[in-house]
Asker: 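Attaching a single structure in structure tokens format; questions to follow.
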Amino acid sequence: MKRAVFLDRDGTINVEKDYLYRIADFEFIAGVPEAIKILNRAGIMVIVVTNQSGVARGYYTEDDVEILHRHIASELERTGAYIDAWLFCPHHPSGRDSYALPCNCRKPLPGMLKEASRRYNIDLHNSAMIGDKRADIEAGLAAGCRTILVRTGYGREEEPHVSHQAIVFDDLLSAVKCIV
Ligand SMILES: [Zn+2]
């Protein structure tokens, strides 16, 4: 079975901006391409798991999300880094139409991590979830992963409220240097 690092996107990979979907607004947090490259070289799968309720709320479409992800992938390519898989939850309870369904993928539920585990044969107990919010930590714990909170994005505000089981680092690069 494979080992993976699950990465939250907004506030962990890129600078947090409300309901980001425009390529022009995308900005890496310093050190992130390097961090992902370290994981790639260590043979650890890198899987993005991101809540995108902006789809349910009608702010942007699933296509917009995928276009942005292709852009991030091409930016990472410049440094020789890559994401192995992208999963996102487009749902929200107060969203429009079918996006309002009760889903099991919106973090803090562990649906995306479990789906990735089934799809790619990942050993969740030997994997880690890294994010800037309590919902990331709870999803990771519910999936049986080790959990890391980063102090980028909302991380500093969230730090007092997350499980003591989470290890805390200033940013993704320092977390990755420690776990690899
Ligand atoms: Zn969902």
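Atoms within a ligand are numbered from 1 in the order they appear, just like the ligands themselves.
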Asker: Can you tell whether the side chains of Glu159 and Arg156 come within less than 4.0 Å, N to carboxylate O?
Answerer: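 Judged by the 4.0 Å cut-off on N to carboxylate O distance, Glu159 and Arg156 do not form a salt bridge.
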Asker: Rounded to the nearest 0.5 Å, what separates atom CZ in Arg41 from atom NZ in Lys37?
Answerer: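 With rounding to 0.5 Å, CZ (Arg41) is 4.5 Å from NZ (Lys37).
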Asker: Side chains of Gln52 and Tyr21: do they bring a donor and an acceptor to under 3.5 Å?
Answerer: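 No pair is found: no donor N or O on one side chain lies under 3.5 Å from an acceptor on the other.
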Asker: Any heavy-atom pair between the side chains of Lys107 and Asp8 that's under 4.5 Å?
Answerer: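 Yes, side chains in contact.
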Asker: Relative to each other, are the rings of Tyr99 and His91 parallel, tilted or perpendicular (30° and 60° limits)?
Answerer: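 Plane angle between 30° and 60°, so tilted.
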Asker: Among all residues two or more places apart in sequence or in another chain, which pass the side chain to side chain contact (heavy atoms under 4.5 Å, CB included) test with Ala4?
Answerer: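 For Ala4, the residues satisfying side chain to side chain contact (heavy atoms under 4.5 Å, CB included) (neighbours in sequence not counted) are Phe6, Met45, Ile47, Ile122, Ser127.
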Asker: Can you count the protein N, O or S atoms that lie less than 2.8 Å from the Zn ion (ligand 1)?
Answerer: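 Under the 2.8 Å cut-off, the count stands at 4.
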